[in-house]
Amino acid sequence: MAAVEAMALRPVVLRRAPAHSRGILTRPGPPRPRGPLPRTPWTTRGPPPDQLARVVERRPVREQVELDTVTYAGRQYFVPGLARPRFPPWDRGWREPWHSPGPRYEDMPLRKERGCFICHQRVRMLEGVRQAQWLTKTKLVQGLPAKVLSIAENPAYQLQEQEEAVHRAVAHARLWETTEVSPRREKYCPVLFEDLIHLCRSMSVKYPSLARRMLARNYRIAATWERESTLLQIRGLNGILMNSMTPIPPVASKEEILATKDHVLETFYPISPTIDLQEVNVYQELNDTGFKDGYPYSHPHTLYFLESANKRPNRFRPEQLRAKMLMFAFGNALAKAKVLYGNDPQVLEQPIVVQSVGTDGQLFQFLVFQLNTTDLVSNDGIKNLVWIDSDQNLYESAQCVPEVKKRVVTKPTGIYGLQPETFKKFLALYLHGTV
């Protein structure tokens, strides 16, 4: 009795109730430990096996009775609360190409166990030209060949008032073609290309053989080769190809071709040379120039690439663009070589030369590729050759809106920093093989 009275005389510790019962004071529960748990066998080694087995013992599952799903199939319209009906796939009795799921990859007739690495027009090579050199077994020479430079420097192979004509072409593309204040790159880049090609075509009055050429757009190429133990293929759409009725004569002499045996190809270990290529298992080992037999303009001459995307991330960087130019120039040359000499690897009696030009509307890249061999498996032996002249500006800037300071025009609209030497190289590549 005394103990009960003593407990009654003790001060009662009250705690605040939770939010849902705010305003009501209740008695506290047992105090919660604020420090670490005491070191006991349960806290250090866990519960005993018999206790653990009793906790994790699986309870018997009650037998579930399957219920019929009630759908709105019979009513033929949507009813809230009823399940959506599922019907078996409808068999048309014939194959509809737009609504056919198609066969599985494992069941396709062209499926092969060995993978093939595909290079297409959207491939951006991590290592740039070095990676393309290894894939195509090519030796790089900086600058354009001496024969092309001699054409560019000879005044007899230039237009009358050439610098003024180039200035008008650039001003037409950047200032006059559109009513916009500042034309976008996707607009002025193709216009500038067409204007420069038009200037080159005007030389056909002096050299009639230039009229025996043709520009091809949206053609598809396919070329297959083996590099060491890797199967590679170039295929799909690429740039604008100018075909000719006669091939370009070889640029390098036989002595220069034989000297490539001592060249050692640069590697970039531990990066794989096929790091950016697409690996597929459904493919066809095909070699096709993209043109039917009997096409009169059967020889590839120059391949043009226009990087006309407005947003910078959508455009190829200059190094990636040069690698793309090299790969597709090699692909066009290899496809033509296999048409002429067959699929057997060999050193070509008559090397095949393909040129390439890439631009974003201001900066130009020039490339000349010579295919000397189709024996690309090993790193030994004769190698192919490529000449690259990179980062050539046609003009410094185009002022579309005049610059005004304190009501005074400090910089009027116009083209600034025109560099006619770049167009001389553009024209020299166009005339190469004719003059």
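For clarity, every value in this text was computed on a predicted model and none was experimentally measured. Side-chain atoms are counted along with the backbone in the values below, which use heavy atoms only and exclude waters and symmetry mates.
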*salt bridge (Lys or Arg N to Asp or Glu O under 4.0 Å) contacts in which one or both residues fall within residues 257-286, not counting sequence neighbours*: R130-E266
*Out of curiosity, R213 CZ to S244 OG, how far, rounded to the nearest 0.5 Å?*
5.0 Å
*Give the C-alpha distance, both sets of side-chain angles, the deciding distance and a yes or no for side-chain contact (heavy atoms from CB on, under 4.5 Å) between I275 and F268.*
CA-CA 11 Å; I275 182 174; F268 30 89; over 6 Å; no
_Atom CH2 of residue position W94 - does it have more than 12 heavy atoms of other residues, nucleotides or ligands inside 6.0 Å?_
yes
*What distance do L367 atom CG and F305 atom CZ have between them, rounded to the nearest 0.5 Å?*
9.5 Å
_Quick check for you: to the nearest 0.5 Å, what is the distance between L241 atom CG and R217 atom CZ?_
11.5 Å
*asked:* Looking at R111, I want to see if its CZ is surrounded by more than 12 non-hydrogen atoms of other residues, nucleotides or ligands under 6.0 Å.
replied: yes
*Could you tell me whether the side chain of R235 reaches within less than 4.5 Å of the side chain of Y283, counting heavy atoms only?*
yes
May I have the list of side-chain donor-acceptor pairs in residues 196-205 shorter than 3.5 Å, sequence neighbours left out?
| unit_1 | atom_1 | unit_2 | atom_2 | d |
| --- | --- | --- | --- | --- |
| S202 | OG | L199 | O | 2.4 |
| S204 | OG | R201 | O | 2.7 |

*Side chains of T138 and Q133: do they bring a donor and an acceptor to under 3.5 Å?*
no
*Does any non-hydrogen side-chain atom of H301 lie less than 4.5 Å from one of I248?*
yes
_NZ or CZ of K324 within 45° of F316 ring axis and under 6.0 Å_ = yes
*Between atom CG of L326 and atom CZ of F369, what is the distance when rounded to the nearest 0.5 Å?*
6.5 Å
*Quick one: are S298 and N243 in side-chain contact, heavy atoms under 4.5 Å?*
no
*Search all heavy atoms of G331 against all heavy atoms of A223 and return the closest pair with its distance.*
O-CB, 3.7 Å
_If you count every heavy atom of other residues, nucleotides or ligands that lies below 6.0 Å from E96 atom CD, does the total exceed 12?_
yes
*Sequence-distant partners of S253, side chain to side chain contact (heavy atoms under 4.5 Å, CB included), two or more places apart*: E255, E256
*asked:* Applying salt bridge (Lys or Arg N to Asp or Glu O under 4.0 Å), can you list everything that pairs with D375, at least two apart in sequence or on another chain?
replied: none
*Is any side-chain heavy atom of T274 less than 4.5 Å from a side-chain heavy atom of L232?*
yes
_Students often mix this up, so state it plainly: with edges at 30° and 60°, are the rings of F426 and Y304 parallel, tilted or perpendicular?_
tilted
_Donor-acceptor pair, side chain of R95 and main chain of S100, under 3.5 angstrom_ = no
*Give a yes or no on whether the backbone of T224 and the side-chain of N287 come within a donor-acceptor separation of less than 3.5 Å.*
yes
*Which heavy-atom pair separates A323 from M125 by the least distance, and what is that distance?*
CB-SD, 4.2 Å
*Output all residues satisfying salt bridge (Lys or Arg N to Asp or Glu O under 4.0 Å) with E163, sequence neighbours left out; order by chain, then residue number.*
none
_Quick check on Y269: does its OH atom have over 12 non-hydrogen neighbours (other residues, nucleotides or ligands) under 6.0 Å away?_
no
Review item, side-chain donor-acceptor pairs of residues 409-418, under 3.5 Å, at least two apart:
| unit_1 | atom_1 | unit_2 | atom_2 | d |
| --- | --- | --- | --- | --- |
| T410 | OG1 | E403 | O | 3.1 |
| Y416 | OH | P412 | O | 2.6 |

_I want to check something: taking the side chain as every heavy atom from C-beta on, are I240 and M242 in contact at a cut-off of under 4.5 Å?_
no
*List for me each residue that meets ring-ring contact (aromatic ring centres under 6.0 Å, His included) alongside F291, sequence neighbours excluded, and say none if there are none.*
Y219, Y295
*Start with the C-alpha gap between K424 and Q162, add the side-chain angles, then the distance that decides, and say whether side-chain contact (heavy atoms from CB on, under 4.5 Å) holds.*
CA-CA 9 Å; K424 290 181 181 179; Q162 178 171 296; 3.5 Å; yes
*Worked check of side-chain contact (heavy atoms from CB on, under 4.5 Å) between I382 and L258*: CA-CA 6 Å; I382 292 177; L258 293 175; 4.0 Å; yes
*asked:* Can you list everything that forms a salt bridge (Lys or Arg N to Asp or Glu O under 4.0 Å) with R84? Sequence neighbours excluded, please.
replied: none
*asked:* Quick check: do T302 and S356 have side-chain heavy atoms less than 4.5 Å from each other?
replied: no
*Indicate yes or no: does E319 engage R317 in a salt bridge with an N to O separation below 4.0 Å.*
no
*Should we say atom CG of D293 is surrounded by more than 12 heavy atoms from elsewhere, each under 6.0 Å from it?*
no
*Side chains of W134 and T267: does their closest heavy-atom pair fall under 4.5 Å?*
yes
*Identify the two heavy atoms, one from D195 and one from H172, that lie closest to each other, and give their separation to 0.1 Å.*
OD2-ND1, 2.6 Å
*Does the side chain of R86 pick up a donor-acceptor pair with the side chain of T69 at under 3.5 Å?*
no
*Could you list the residues that satisfy ring-ring contact (aromatic ring centres under 6.0 Å, His included) with Y72, not counting sequence neighbours?*
F78
*asked:* Run the salt bridge (Lys or Arg N to Asp or Glu O under 4.0 Å) test against R75 and tell me which residues pass, sequence neighbours left out.
replied: none
_Set out, in order, the CA-CA distance, both residues' side-chain angles and the distance that settles side-chain contact (heavy atoms from CB on, under 4.5 Å) for K112 and N281, then state yes or no._
CA-CA 5 Å; K112 301 175 179 61; N281 289 90; 5.9 Å; no
*Write down the atom of L306, the atom of P190, and the distance for their closest heavy-atom approach.*
CD1-CA, 4.1 Å
Using a 3.5 Å cut-off and no angle test, enumerate the donor-acceptor pairs between side-chain atoms of residues 339-352 and protein atoms at least two apart in sequence or in another chain.
| unit_1 | atom_1 | unit_2 | atom_2 | d |
| --- | --- | --- | --- | --- |
| Y341 | OH | Q350 | O | 3.4 |
| Q346 | NE2 | Y341 | O | 3.0 |

Report, one line per pair, each donor and acceptor closer than 3.5 Å where one atom sits in a side chain of residues 383-396; sequence neighbours left out.
| unit_1 | atom_1 | unit_2 | atom_2 | d |
| --- | --- | --- | --- | --- |
| K383 | NZ | T260 | O | 3.3 |
| K383 | NZ | H263 | O | 3.1 |
| K383 | NZ | N379 | O | 3.2 |
| K383 | NZ | G381 | O | 3.0 |
| N384 | OD1 | N372 | N | 2.8 |
| N384 | OD1 | T373 | N | 3.2 |
| N384 | ND2 | T136 | O | 3.0 |
| D389 | OD1 | Q392 | NE2 | 3.1 |
| D389 | OD2 | K425 | NZ | 2.6 |
| D391 | OD1 | R322 | NH1 | 3.2 |
| D391 | OD1 | Q365 | NE2 | 2.9 |
| Q392 | OE1 | K425 | NZ | 3.4 |
| Q392 | NE2 | S390 | O | 3.1 |
| Y395 | OH | R174 | NH1 | 2.8 |
| Y395 | OH | G361 | O | 2.8 |
| E396 | OE2 | Q419 | NE2 | 2.8 |

*Rounded to the nearest 0.5 Å, what separation is found between the CZ atom of R114 and the CG atom of L231?*
5.0 Å
*Spacing of T434 atom OG1 and H432 atom NE2 [to the nearest 0.5 Å]*: 9.0 Å
*asked:* Looking at every heavy atom in both L371 and A333, which two are closest together, and how far apart are they?
replied: CD2-O, 3.5 Å
*asked:* Please find the pair of heavy atoms, one from P145 and one from V368, that lie closest to each other, and give the distance.
replied: CD-CG2, 4.0 Å
*Are any of the side-chain heavy atoms of K187 and E180 separated by less than 4.5 Å?*
no
